[in-house]
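Data block below; observations after.
Quick note: residue numbers are just sequence positions, from 1.
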Amino acid sequence: VDPLGTVRLPGSRAYGPQTQRALDNFEVSGIPISQMPELIKCLAWVKKAATLTNVEVGEIAPDLGAHIIAACDEVAEGLWNHAFPVDVLQGGAGTSTNMNANEVIANRALELAGEMRGRYDLINPNDHVNKSQSTNDAYATAVRLAICLANEKLAVALLNLSNRFGTLAYNFCDVPKLGRTQLQDAVPMTLGQEFEAFAAAVREDVDRGL
């Protein structure tokens with residue numbers, strides 16, 4: 001039960017009623033947020049940073065904050081990715097994903113405090129985990145951080161691609177062909193030179209930080 005009414009939830013779930021409403025309302029792509037671990041990690045970082053600040057300024061009690069921070073750390077480590085089932089395509093500019101994170105962190109913090117999930121009178125997804133935040137800020141910040149993390153993997157993949165182009169450039173170094181300029185035949189070159197140009201272009205993108 002929450003301010004909007006009663007919601008039936010699976011007994012084993014780590015999320016709460018607002019996440020369940022998102023599951024009921026936004027069955028769009030079939031791709032859950034759980035397949036985007038970088039985003040989940042970065043949402044947990046945002047929640048942890050907010051909680052640390054709220055504790056520092058006296059908005060959240062230190063003992064309560066400690067449980068929320070510990071839960072954030074677990075979420076950031078990927079231990080609760082399975083508890084993020086909301087669809088990647090949703091209305092509300094990320095509200096459902098933000099609330100999914102708030103509910104998972106609140107329920108795990110309650111467990112760490114020795115309480116049952118759903119005791120939101122003690123640790124509340126909105127009033128505590130989401131305190132001093134707006135989805136428009138928290139979600140957008142997490143997305144930007146997630147892009148930075150994802151770019152690290154992309155850079156590795158692009159370097160592998162560049163190296164493969166380099167290998168083909170060597171293999172094709174004696175294969176002649178005509179270059180092309182403005183859809184017309186131009187000076188002679190080798191297929192190896194062409195692939196070396198591909199390799200250089202990809203390497204330069206990585207060097208520029210994508």
Minimal heavy-atom distance between Ala76 and Ala44, with the atoms involved, is N-CB, 3.7 Å

Would you say Leu112 and Tyr15 are hydrophobically clustered, going by side-chain heavy atoms of ILVMFWY under 4.5 Å? no

Thr53 side chain to Ala49 backbone, donor-acceptor under 3.5 Å: yes

Linked, directly or transitively: Leu145 and Val75 (ILVMFWY side chains, under 4.5 Å): no

Euclidean distance, Leu39 CG relative to Arg144 CZ, rounded to 0.5 Å: 12.5 Å

Would the distance check show the side chain of Asn98 and the main-chain N or O of Gly94 forming a donor-acceptor pair, the cut-off being under 3.5 Å? no

Which value, rounded to the nearest 0.5 Å, describes the distance between Asn102 atom CG and Thr19 atom OG1? 8.5 Å

Taking only residues two or more places apart in sequence or in another chain, which ones pass side chain to side chain donor-acceptor pair (under 3.5 Å) with Ser96? none

Any pair counted as ring pair (Phe, Tyr, Trp, His ring centres under 6.0 Å), so long as it reaches residues 82-102, sequence neighbours left out: Trp80-His82

So, for Ala142 and Cys42, which heavy atoms are closest and what is the spacing to 0.1 Å? O-CB, 3.4 Å

Output a table of donor-acceptor pairs, distance under 3.5 Å, between side-chain atoms of residues 186-193 and any protein atom two or more places apart or on a different chain; print 'none' if there are none.
{"residue": "Thr190", "atom": "OG1", "partner": "Gly192", "partner atom": "N", "Å": "3.4"}
{"residue": "Thr190", "atom": "OG1", "partner": "Gln193", "partner atom": "N", "Å": "3.0"}
{"residue": "Gln193", "atom": "OE1", "partner": "Thr190", "partner atom": "N", "Å": "2.9"}

Can you tell me which residue pairs pass the side chain to side chain donor-acceptor pair (under 3.5 Å) test with a partner in residues 105-117, sequence neighbours excluded? Glu74-Arg108, Asn107-Tyr120, Arg108-Glu111, Glu111-Arg117

Anything under 3.5 Å between a donor and an acceptor, one on a side chain of residues 26-37, the other on a protein residue two or more places apart or in another chain? List them.
{"residue": "Ser29", "atom": "OG", "partner": "Ile31", "partner atom": "N", "Å": "3.1"}
{"residue": "Ser29", "atom": "OG", "partner": "Asp87", "partner atom": "OD1", "Å": "2.7"}
{"residue": "Ser29", "atom": "OG", "partner": "Asp87", "partner atom": "OD2", "Å": "3.3"}

Holding to salt bridge (Lys or Arg N to Asp or Glu O under 4.0 Å), I want the full list of residues that pass it with Asp24, two or more places apart in sequence or in another chain. none

Does Glu103 reach the main-chain N or O of Gly16 with its side chain, forming a donor-acceptor pair under 3.5 Å? yes

ILVMFWY network linking Leu110 to Ile68, side-chain heavy atoms under 4.5 angstrom: yes

To the nearest 0.5 Å, what is the distance between CG on Asn100 and CD1 on Ile40? 7.5 Å

Tell me which pairs pass salt bridge (Lys or Arg N to Asp or Glu O under 4.0 Å) where either residue lies in residues 34-52, with sequence neighbours left out. Glu38-Lys153, Lys48-Asp73

Taking all atoms of both residues into account, what is the closest heavy-atom pair of Tyr139 and Ala93, and its distance? CD2-O, 3.6 Å

Side chain to side chain contact (heavy atoms under 4.5 Å, CB included) partners for Asp185, two or more places apart: Leu178, Arg180

First locate atom CG of Leu9, then atom CZ of Arg21, and finally report the distance between them rounded to the nearest 0.5 Å. 9.0 Å

Residues 41-68 vs ring pair (Phe, Tyr, Trp, His ring centres under 6.0 Å), sequence neighbours excluded, gives none

Given the rule that I, L, V, M, F, W and Y join up when any side-chain heavy atoms are under 4.5 Å apart, are Leu52 and Leu64 in one cluster? no

Going from CD on Gln133 to OG1 on Thr135, what distance comes out if it is rounded to the nearest 0.5 angstrom? 8.5 Å

Among residues at least two apart in sequence or on other chains, which ones pass side chain to side chain donor-acceptor pair (under 3.5 Å) with Ser162? Arg203

Cluster overlap Leu43 with Leu149, hydrophobic side-chain contacts below 4.5 Å: no

Please list, chain by chain and in numerical order, all residues satisfying salt bridge (Lys or Arg N to Asp or Glu O under 4.0 Å) with Asp121, sequence neighbours excluded. Arg119

Tell me, which pairs form a salt bridge (Lys or Arg N to Asp or Glu O under 4.0 Å) where one or both residues lie in residues 123-142, sequence neighbours left out? Glu59-Lys131

Nearest-0.5 Å distance that lies between atom CD1 in Ile147 and atom CG in Leu154: 11.5 Å

